[in-house]
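Down below is the structure, laid out as C-alpha cells.
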Amino acid sequence: MWPYHPHLLARPVPRYTSYPTAAEFGGHVGPADMAAALDRVGAEQILSLYLHIPFCRTICWYCGCSTGAANQTARLDAYLARLHDEIDLVAARLAGRGRIGRIAFGGGSPNAIPPVAFAALVAHLRTAFASEGAPLSLEIDPRGFDADWAGVIADTGVARVSLGVQTFNPILQAVIGRVQPGEAIIRAVTLLRAAGVGSINFDLMYGLPGQDDEALAATLDETIALAPERLAVFGYAHVPQLIPRQRRIDATALPDAAARFGQAALAHERLTRAGYRAIGFDHFALPQDPLARAAANGTLRRNFQGFTDDPADIVIGLGASAISAFPDRLLQNAKNAGAWHQAIGANRFATARGIHRSPLDQRRGQAIADLLCRGVADLDALPERDIIRERLRRFEQVGLIAWQGTRVRLATDALPYARSVAAAFDAWRNEEDMRFSHAV
Ligand code: SF4
C-alpha cells in the first residue's frame, strides 16, 4: 500500500504534458512563429502529426476536451475540407523536408466523422508527407463504432486505438452523462482485434460521484478480462468553474481525497497483479507493449497525449485548438473553430496562442519529464536547484524522495506524489495556484 500524506497532495498541480504548461500560453505568438519553426525542420528530421477532430456523437458531462456535437453534416464537412487545406499548407511550407514517424487522430471522437472521410484524410497525409511506415493511432468512442469503421481501420492499417471506457458501471455512466452498454465496448474490441489492431488502450476513471471501491474493482476486472494492451487510469477532476458541462454532475457524492487515494492505489495494485506494468503515474501496459518496453529501457517520453514511446522531438498539430510542439516553442491553433477556419481559408497558419521555450525552460522541462518518466532527475543544470531542494524537503522528510548529489530520485512507492514533486521544478507555479487538478 502506498503511504498516504494528504498534506503533500493538497495542492492542485498540472499534469505536465508539456513544460511550460498550456496554462502559460499567451497571445504573443502567431502564424509567423509556426512558419519559422517549420522552416527549420531538417530534411530527414522525424516528425509526428496530430490531427484534432473536435466532434462527438454526444457530449459527456465530465469532458474537458475542445469538442462539440457532430449533429450538423455541413459543419462537419466544412471542418474536414479545411483540415485538408491545412495539410496542404503545412506540406507546402515543409517542401519535402521531414519524415513522418507517427500519425495520431484525437479529439473529440475521430469516429464521429464518416469512415470514408477518415480514409480520405489518411490518403491525403500519405501523399502530402513522406510517411512511409508511419503507424497510425486513433481515439474512438465505442458508441457508434461499427463494422464500416473497423473495415477502414483494417484498410488504412491503424496500429493503435484508444477507447474511452471510463467505467462499466451503468449507474455511474448515467451520473457522468456517458451511457454506453458494456456490450458496445466488447463489440468494439472484437471488431478492432479482427481488423488487426495490435495495441488497444482503455481510458478509465476513478473518483467519480458515488463510485466506491467495489464498483471500481468490478470495472477493473471487466477490463482485465478484455486484455487491452494499455490503460490510462485518471482521477476525475471536478472543476465546473473551468468546465461548465460538469455543472450537470452532482458533486455531493464525490469521494473525498482519502477515498480517491485509496481508489488510485486499488487500481495500481489490481492491474499490476494482473500483469500490467505501471507506466509513469497513471498509465499501465502489458510487458510486451512498446510503451512498457520504452519504460523498461528508459526511453519513455511525455507529450500532449500523455506517456508515449514516440521519439520525435517535433509534433505538428492540425485542426482547431491543436497544439504543435517544437523544442523551442509550443504553438496552439485557434480554439475557436470559426477563427481557425478563417485563417486556414486565407492560407495562413491558425496559430493563436503559445509560448517560446528558453534553453532554461527546456532544461526545466527535461528535468520534469525525467522525473515523471524515469523517476529520477538531475538538477545540476538548474540555477534554482537550492530553492527546489528546499521545496522538496517535506517529501524528503517522509522518505518519498532521496538525493544523490544533485540527482533526486522518487521512492518506489512515491508514484502518486510524482506530479507534486515535479511541481517543485516549475518556475511558473506558486504555492497558491489552484487552477489545476489534484495530484491523485
Ligand atoms: S466522447 Fe470523449 S471527447 Fe467526446 S465528449 Fe465524451 S469524453 Fe469528451
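Numbers here simply count residues along the sequence, with the first being 1.
- Between the side chain of Q332 and the main chain of T351, no donor-acceptor pair closer than 3.5 Å is present.
- A salt bridge is absent between E86 and R82: the closest approach of a Lys/Arg side-chain nitrogen to an acidic carboxylate oxygen does not fall below 4.0 angstrom.
- With respect to R277 and E229, no salt bridge is recorded, no charged nitrogen being found less than 4.0 Å from a carboxylate O.
- With hydrogens and angles ignored, the 3.5 Å screen pairs a side-chain donor or acceptor of S324 with a backbone N or O of G317.
- Ring geometry for F25 against F304 counts as perpendicular: the plane angle is over 60°, on a 0 to 90° scale with 30° as the lower cut.
- Side-chain atoms of Q211 come within 3.5 Å of backbone N or O of L208 as a donor-acceptor pair.
- The backbone N or O of F425 lies less than 3.5 Å from no partner atom in the side chain of R429, so there is not a single donor-acceptor pair.
- Across all non-hydrogen atoms, the minimal contact from A91 to A128 is CB-O, 3.6 Å.
- Between the side chain of R357 and the main chain of L330, no donor-acceptor pair closer than 3.5 Å is present.
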Pair Y50-N303, side-chain hydrogen bond (donor to acceptor under 3.5 Å, both in side chains): steps then yes or no: CA-CA 11 Å; Y50 171 79; N303 70 12; over 6 Å; no
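- Atom CD of Q288 has more than 12 heavy atoms from other residues, nucleotides or ligands within 6.0 Å.
- When side chains are defined from C-beta on, R126 counts as touching V122, because their heavy atoms get closer than 4.5 Å.
- Between R301 and D310 the shortest side-chain heavy-atom distance does not fall below 4.5 Å.
- Between Y62 and Y236, the ring-plane angle classifies as perpendicular under the 30° and 60° cut-offs.
- Looking at D250 and T252, their side chains do bring a donor and an acceptor atom within 3.5 Å of each other.
- With hydrogens and angles disregarded, a donor-acceptor distance shorter than 3.5 Å links the side chain of D361 to the backbone of S358.
- The side-chain heavy atoms of L47 and D313, taken from C-beta on, include no pair separated by under 4.5 Å.
- Checked against a 6.0 Å centroid threshold, the rings of F105 and F118 count as neighbours.
- In this model, a donor atom of one side chain and an acceptor atom of the other lie less than 3.5 Å apart for D88 and H124.
- In terms of heavy-atom proximity, Q246 sits nearest to P240 at OE1-N, 3.5 Å.
- Between H283 and N201, the side chains place no donor N or O within less than 3.5 Å of an acceptor N or O (distance only, hydrogens not considered).
- For Q173 and N169, the side-chain atoms include no donor-acceptor pair closer than 3.5 Å.
- For the pair R374 (side chain) and L300 (backbone), a donor-acceptor distance under 3.5 Å is present.
- Within the 3.5 Å criterion, the main-chain N or O of G164 finds a donor-acceptor partner in the side chain of R178.
- At least one donor-acceptor pair closer than 3.5 Å links the side chain of N111 to the backbone N or O of D141.
- Of all non-hydrogen atoms in T21 and S18, the two that sit nearest each other are CA-OG, 3.5 Å.
- R102 has a carboxylate O that lies under 4.0 Å from a charged side-chain N of D309, or vice versa, which qualifies the two as a salt bridge.
- Residues Y417 and H5 share a closest heavy-atom pair of OH-N, 2.9 Å.
- When every heavy atom of R245 is checked against every heavy atom of C60, the shortest pair comes out as CD-O, 3.9 Å.
- For the pair L415 and A278, the tightest heavy-atom approach, listed with the atom from each and the gap, is CD1-CB, 4.2 Å.
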side-chain hydrogen bond (donor to acceptor under 3.5 Å, both in side chains) between H52 and N333, worked out: CA-CA 10 Å; H52 190 70; N333 278 350; over 6 Å; no
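- A cation-pi arrangement is found for R302 relative to F307, the charged atom lying closer than 6.0 Å to the ring centre and inside a 45° cone about the ring normal.
- Open room surrounds CD on Q342; 12 or fewer heavy atoms of other groups in view lie less than 6.0 Å from it.
- Here the options are I249, I243, I176, the test is side-chain contact (heavy atoms from CB on, under 4.5 Å), and the partner is W61; only I249 passes.
- Ring centers of F55 and Y79: under 6.0 Å apart, within the cut-off.
- Between atom CG of residue L80 and atom CD1 of residue I113 there is a gap of 5.0 Å, rounded to the nearest 0.5 Å.
- With hydrogens and angles left out, the side-chain atoms of N297 and T299 include a donor and acceptor closer than 3.5 Å.
- Using a 4.0 Å cut-off between a side-chain N of Lys or Arg and a carboxylate O of Asp or Glu, R230 and D289 qualify as a salt bridge.
- Residues R187 and D146 are not paired through a salt bridge, judged by the lack of any N-O separation under 4.0 Å between the basic side chain and the carboxylate.
- Here the side chain of R419 pairs a donor or acceptor atom with the backbone of P14 at under 3.5 angstrom.
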